[in-house]
K.L.:
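Pasting in a structure now, in C-alpha cells, and then I'll have a few things to ask.
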Amino acid sequence: MSNREKVIALLDSVPDYKMGYVLAYVQGITADEEADDIFCERMVENYRNDPDPEKDDAIPLEDLKKLWEID
C-alpha cells in the first residue's frame, strides 16, 4: 500500500470535527511556493513603503521585558 493510499484510508477514521485540521495541514504542505514568495515580497514592499516615521524604532530587549513585566 502506498503512502497516498494509507493517508486516504486513514481519512475514513478522522472524525468530522477534526477534518478542518487535516484540511489546513494539507493545504499548507501543498501551497504554491511561488505564491508564498510573492506574498512575502509584497509584505516586505508594504513595510518599506510604509510612511510611518517610527516603523524602524527599536527598543532594547531588557527595556521591553521591564515594560511587559517579564523576568
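Just so you know, residue 1 is the first one in the sequence shown, and it goes up from there.
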K.L.:
A quick test of your reading: do over 12 heavy atoms of other residues, nucleotides or ligands sit less than 6.0 Å from CD of Glu45?
P.N.:
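Enclosed.
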K.L.:
Hey, what do you get for CD (Glu34) to CD1 (Ile38), rounding to the nearest 0.5 Å?
P.N.:
4.5 Å
K.L.:
Could you walk me through whether Tyr47 and Asp56 pass the side-chain contact (heavy atoms from CB on, under 4.5 Å) check?
P.N.:
CA-CA 10 Å; Tyr47 175 78; Asp56 292 319; 2.3 Å; yes
K.L.:
For Lys66, is there any backbone N or O sitting under 3.5 Å from a side-chain donor or acceptor partner on Glu69?
P.N.:
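Checked: no pair found.
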K.L.:
Are Asp63 and Trp68 packed together at the side-chain level, in the sense that at least one heavy-atom pair is separated by less than 4.5 angstrom?
P.N.:
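No. Closest side-chain heavy atoms not under 4.5 Å.
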K.L.:
Quick check: closest heavy atoms across Arg48 and Lys55, and the distance to 0.1 Å?
P.N.:
O-NZ, 2.9 Å
K.L.:
Are Leu61 and Ile59 connected in the hydrophobic side-chain network, where two residues link if heavy atoms are under 4.5 Å apart?
P.N.:
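No.
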K.L.:
Given the rule that I, L, V, M, F, W and Y join up when any side-chain heavy atoms are under 4.5 Å apart, are Ile8 and Val22 in one cluster?
P.N.:
no
K.L.:
Do you reckon Met19 sits in the same ILVMFWY cluster as Leu23, going by side-chain contacts under 4.5 Å, direct or chained?
P.N.:
no
